[in-house]
Amino acid sequence: MKHELPKVYVPKDVETSIYEKWEKAGCFRGHRDPDKKPYTIVMPPPNVTGQLHMGHAVDNTQQDILTRFKRMQGYAMLWLPGTDHAAIATEAKIVGEMRKEGLTKQDLGKEKFLERAWAWKEKYGNRIVEQLRTLGSSCDWERQHFTMDEECSAAVKEVFVRLYNEGLIYRGNRMINWCPHCETSISDAEVEYEEKDGSFWHIKYPVKETGEYLELATTRPETMLADTAVAINSEDPRYTHLHGCHVILPLVGREIPIVCDEHADMEKGTGVVKITQAHDPNDYEVGLRHSLPLVRCFTYNGYMTGPADVAEYEDLVNSGRAADDEPIVMDCKKYAGMTTMEARKAIVEDLTEQGLLVRVESIKHDVGTCYRCHTTIEPMISKQWFVRMKPLAEPAIKAVEDGEIQFVPERFTKNYLNWMNNTRDWCISRQLWWGHQIPAWYCDDCGEMVVGKEAPEVCPKCGGRHLTQDPDSLDTWFSSALWPFSTLGWPNEDSEDYKYFYPTSTLVTGYDIIGFWVSRMIFSGIKHTGRPPFSKVVIHGIVRDSLGRKMSKSLGNGIDPLEVIDQYGADALRFMLVYGSSPGNDMRFSEEKITAMRNFCNKIWNASRFVLMNLDVEDMNLPADLKIEDRWMLTRLNGMIRSVTDNLEKFEMGIAAQNLYDFIWDNFCDWYIEIAKTGLNGTDKQRSEDVQHILLYSLTQILKALHPFMPFITESIYQGLPNAEGFLMMKDWAEYREDLLFPEDEAAMEQVMDVIRAVRVRRSEMNVPPSKKAHIIICTENQAPYKTCEDIIQRLASASSVTVQGEEPEDLSGMVSIVTADAKVYIPMAELVDTAKERERIQKELEKAEQDMAFAQRQLDNTDFISKAPEKVVNSVKEKRDKNAALIQKLTEALASL
RNA sequence: GGAAGGUUAGCUCAGCUGGGAGAGCGCUCGCUUGACGUGCGAAAGGUCGCAGGUUCGAUUCCUGUACCUUCCACCA
């Protein structure tokens with residue numbers, strides 16, 4: 001019975017149908033098996049905003065490799081998938097889509113907007129899930145979650161209420177980062193700094209008491225309208241006489257104090273700083289120290305405030321409240337209604353006119369921008385919800401310091417600790433509609449605030465029946481912080497999944513979201529479940545383009561993984577993404593690399609095709625009688641399996657992939673299959689069957705070890721094997737067998753291979769085509785391995801016949817001689833021998849051998865080396881010296897015989 | 001300002017706990033060898049950024065330094 005496969009591997013023909021079969025058979029399901037150990041991975045949920053990109057491809061390939069490996073090793077494996085609502089990103093996309101139709105959020109109203117958002121989620125959420133399937137992701141789709149589904153939302157409310165009740169969530173007016181484009185607050189983490197060209201305006205403020213002018217500089221002159229003080233350093237000798245004085249704010253005419261504060265740096269500029277408490281984070285701190293009033297001159301959508309805005313806050317202004325309460329809104333009069341940029345221009349002009357502008361300096365400086373829309377951030381005072389970080393961060397720092405959670409590679413620990421140690425209170429409220437609405441209600445009658453999981457019936461304070469929910473929603477990372485347990489049934493701690501699969505085992509993600517996500521999962525997990533949510537964090541780099549640039553939409557250099565899969569197959573893409581990569585390091589995408597991996601797929605396909613074409617047997621029982629070449633191959637095979645296993649355990653997928661590549665291409669294909677041809681086509685029927693058994697055994701082991709990396713091609717080949725049962729993906733992991741290690745035979749076989757290589761080199765040097773066969777005489781003291789391999793040598797070294805003997809031929813004239821460490825080889829090829837050239841060549845080899853021996857000898861003459869180096873090393877150097885000594889002797893003889 | 005990573009063949013990158021450097025692609029030469037030309041065989045190509053130090057021995061460990069990349073903080 002012979003098996004046939006097409007000559008070229010066509011991934012498209014098999015991938016979709018194999019995935020469907022796996023899924024239909026329930027292969028991806030995670031089962032709670034009390035007899036097994038659980039291994040859990042939660043998928044970093046892709047945003048529902050877009051489609052699969054290379055970042056997802058790396059992330060999910062690595063997770064799938066781990067998942068398939070652990071599943072085959074016999075763990076109760078759960079890989080839990082899902083998607084993220086990505087509040088700000090999704091809302092921005094939908095708003096953008098609406099803008100094209102000439103609609104705004106306000107036109108639509110919240111209810112209709114949310115309908116639209118859910119429709120969006122359905123469409124794009126499903127699309128990305130489909131795309132993860134094409135990659136081969138073996139996750140449990142029946143446990144798929146969405147950060148805004150019922151379970152996750154319940155967890156969010158539970159956490160919010162708990163933290164609020166403990167005083168770890170509070171609401172208040174604080175300095176926050178405001179995106180005028182998205183019209184929402186964002187957290188410190190969501191601000192990205194970009195270097196931009198700017199100016200430094202030097203301005204003079206008149207001092208009321210002395211009439212002199214104080215010079216100061218600012219990058220944002222438009223904020224001066226809301227200045228509430230000017231700060232100097234109390235130590236500054238230039239200004240001692242001004243302590244307790246005031247300046248008259250130009251353009252506004254308001255009298256503001258000169259305060260002494262450490263924030264004013266004597267070394268910088270004139271040592272004088274204007275204080276705009278409401279629009280600068282540092283100034284805000286100064287303002288708190290000096291109890292300055294909060295004056296706001298910007299609206300939340302990027303304009304200068306005017307009478308209308310004041311009217312809104314009239315009561316506040318009239319009541320004279322200040323400090324940490326609502327800011328006073330000023331009427332910018334002439335500038336009211338201008339954008340901040342228009343106001344900047346106008347103010348600079350006016351200052352110039354009044355002779356108060358000293359000079360303008362061009363500078364480059366980093367400006368905070370919104371990480372989603374890259375609009376310049378305005379620091380603003382705003383009433384928002386915050387998470388008090390310090391008490392949460394402490395145990396999260398300890399868990400990592402104590403090694404309960406380990407980062408791979410280890411260096412990212414520092415990155416994490418740096419983040420955690422410096423984190424400030426987390427602003428969690430967003431002025432967005434798409435997201436978890438904050439579970440807080442305000443009594444319409446008395447203003448009382450009620451926080452709870454459900455809407456209260458009546459106001460607990462006044463009994464009022466009308467309560468309005470806080471319109472703000474939560475930062476998207478608030479819900480993803482709970483992902484490892486909210487997806488497993490928490491807060492129901494009796495949930496079977498939660499009890500069995502939590503804490504999860506390994507988190508695989510990119511270094512770019514350690515702060516955003518990893519750190520928040522860690523402190524949330526510890527706080528709410530009492531345990532770290534995972535024990536290992538495996539960090540990978542990002543995929544760059546072939547020039548090393550980050551892939552981005554603006555550059556248009558993104559490579560679509562789906563197109564790559566379409567053209568080369570998912571296996572080739574997956575292998576490319578791990579082959580030759582190392583943990584935590586970025587990698588480049590290149591067309592050449594993906595082609596190479598496609599070629600590797602084809603190589604595997606054809607090697608399998610060869611095995612199947614020659615197969616009469618149906619099982620893979622290894623024969624009792626193993627020849628030297630079989631022992632060599634099996635030893636190598638076991639070595640590969642050991643190494644791949646060890647490297648996968650260490651999350652060194654790049655090295656594991658190389659082990660597989662090298663073994664399959666070099667050892668298995670180039671050597672063993674070529675060797676096997678003599679056995680398969682020989683007259684010895686028993687030997688032919690033995691070889692078939694060995695080939696089938698080896699191929700099966702190879703397919704198993706390769707399966708996590710290349711699930712499709714391995715499964716598809718496996719299904720064609722006569723010994724196939726069920727699915728490869730559900731089989732046990734490749735077996736490492738101590739009883740199949742034969743180091744001595746392996747070494748002996750290497751010597752035989754050395755002879756083959758040496759003959760090939762010589763023939764190639766002399767330009768002898770493979771079709772021209774010649775007799776080979778091998779002279780050695782150690783004849784046995786060569787004798788048993790005569791037919792192999794004949795085939796692989798293009799020989800007409802092979803003779804192995806102890807003594808050298810009597811007549812050496814017309815002989816080409818070749819020397820290996822273990823043997824001398826002669827080929828009678830009189831017509832090809834050029835004595836002068838031969839002499840030159842042997843002379844060269846002799847020099848090399850002499851150099852090598854001298855090097856070894858020098859080491860051995862060094863008494864320090866002999867006494868201090870480990871015995872193993874000394875012995876290997878001795879071996880090298882002896883080997884070269886033998887070689888020199890043989891070469892000298894060969895030279896003499898010419 | 002603080003921190004991390006990188007610097008190895010023409011290009012892109014591996015290299016575990018120190019014992020005379022590897023792969024893919026490219027280049028050169030030779031091959032219709034009965035799985036594969038998406039292939040086979042062979043060759044060329046590296047003072048492992050620079051300078052010190054530790055060591056019998058350093059691409060590997062330590063210190064310093066140059067250049068590149070990234071993250072964090074900050075620049076009124």
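These values consider heavy atoms only, across backbone and side chains, with no hydrogens, waters or symmetry-generated copies. Note on naming: letters A, B, ... go to the chains in the order of the sequence lines (proteins, then strands), and numbering restarts at 1 for each one.
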### Query
Between atom NZ in K677(A) and atom P in G41(B), what is the gap in whole Å?
10 Å
#### Entry: Atom pair distance, as rounded to whole Å: CE in M597(A) and C1' in U12(B)
11 Å
### Task
Classify the nucleic acid contact of V877(A) as base, sugar-phosphate or nothing, counting any heavy atom under 4.0 Å across all strands shown.
nothing
### Query
More 5' along RNA chain B: E765(A) or P583(A), using each one's nearest nucleotide?
P583(A)
#### Entry: Full working for side chain to side chain donor-acceptor pair (under 3.5 Å) between Y371(A) and E192(A)
CA-CA 5 Å; Y371(A) 83 132; E192(A) 266 178 19; over 6 Å; no
Distance-only check: which donor-acceptor pairs under 3.5 Å involve side-chain atoms of residues 664-671 of chain A, not counting sequence neighbours?
none

### Message
Within the 4.0 Å heavy-atom criterion, would you say R424(A) contacts the bases, only the backbone, or no part of the nucleic acid?
### Response
sugar-phosphate
### Query
For RNA chain B, whose closest nucleotide is more 5', that of T219(A) or that of V873(A)?
V873(A)
### Message
Base, sugar-phosphate or nothing for F412(A)? Non-hydrogen atoms, less than 4.0 Å.
### Response
nothing
### Message
Mind checking if A596(A) touches a base, just sugar-phosphate, or nothing, with heavy atoms under 4.0 Å?
### Response
sugar-phosphate
### Message
Distance check, P atoms only: G15(B) and U32(B), in whole angstrom units.
### Response
40 Å
#### Entry: E674(A) CD to A35(B) C1', straight-line distance once rounded to whole Å
9 Å
### Message
If you go through the side-chain atoms of R598(A), does one of them form a donor-acceptor pair with the base of U38(B) closer than 3.5 Å?
### Response
yes
#### Entry: Check: K7(A) side chain, C36(B) base, donor-acceptor under 3.5 Å
no
### Query
If every non-hydrogen atom of N233(A) is compared with every non-hydrogen atom of A264(A), which pair is closest and at what distance?
ND2-O, 2.9 Å
### Message
Considering every strand and a 4.0 Å limit on heavy-atom distances, what is the contact class for Y661(A): base, sugar-phosphate, or nothing?
### Response
sugar-phosphate
### Task
Figure out the CZ/C1' separation between R549(A) and U69(B), and round it to whole Å.
15 Å
### Summary
From CD of E591(A) across to C1' of C13(B) the rounded distance in Å is 18 Å
### Query
Whole Å only: how far is the CD1 atom of I594(A) from the P atom of C13(B)?
16 Å
### Query
Got a donor-acceptor contact below 3.5 angstrom from the R763(A) side chain to the P769(A) backbone?
yes
### Task
Answer with yes or no whether N647(A) presents, from its side chain, a donor or acceptor under 3.5 Å of a partner atom in the base of C16(B).
no
#### Entry: Whole-Å gap separating P (A21(B)) and CG (D852(A))
11 Å
### Query
Of all the choices, A35(B), G41(B), G5(B), which nucleotide is nearest to the side chain of N585(A) once you look at every atom?
G5(B)
### Phosphate contact (A42(B) OP1 or OP2) by R763(A) side-chain N/O below 4.0 Å
no
### Message
Should F855(A) be counted as stacked on G20(B), where stacking needs a ring-centre gap under 5.5 Å and an angle between planes under 30 degrees?
### Response
yes
### Query
Do K414(A) and G5(B) have a side chain to base donor-acceptor pair shorter than 3.5 Å?
no
### Query
At under 4.0 Å between heavy atoms, what does Y9(A) touch on the DNA or RNA strands: base, sugar-phosphate, or nothing?
nothing
### Query
Would you say K868(A) reaches G19(B)'s phosphate, i.e. side-chain N/O to OP1/OP2 under 4.0 Å?
no
### Task
Select base, sugar-phosphate, or nothing to describe what C669(A) touches, counting heavy atoms under 4.0 Å on all strands.
base
### Query
Are the side chain of S581(A) and the backbone of V578(A) linked by a donor-acceptor contact shorter than 3.5 Å?
yes
### Message
So K773(A), base contact, sugar-phosphate only, or nothing? Heavy-atom distance under 4.0 Å.
### Response
nothing
### Query
Which part of the nucleic acid, if any, lies within reach of T218(A) when heavy atoms closer than 4.0 Å are counted: base, sugar-phosphate only, or nothing?
sugar-phosphate
### Task
Please check the phosphate of C40(B) (OP1 and OP2 only) for any side-chain N or O of W665(A) closer than 4.0 Å.
yes
### Task
Return the orientation label for the F412(A) and Y511(A) ring planes: parallel under 30°, perpendicular over 60°, tilted otherwise.
parallel
### Message
By the 4.0 Å heavy-atom rule, please label D586(A) as base, sugar-phosphate, or nothing.
### Response
nothing
### Task
Round to a whole Å and report the spacing from CD1 of I664(A) to P of G24(B).
14 Å
### Message
Is there a side-chain contact between N599(A) and the phosphate of G39(B), meaning an N or O under 4.0 Å from OP1 or OP2?
### Response
yes
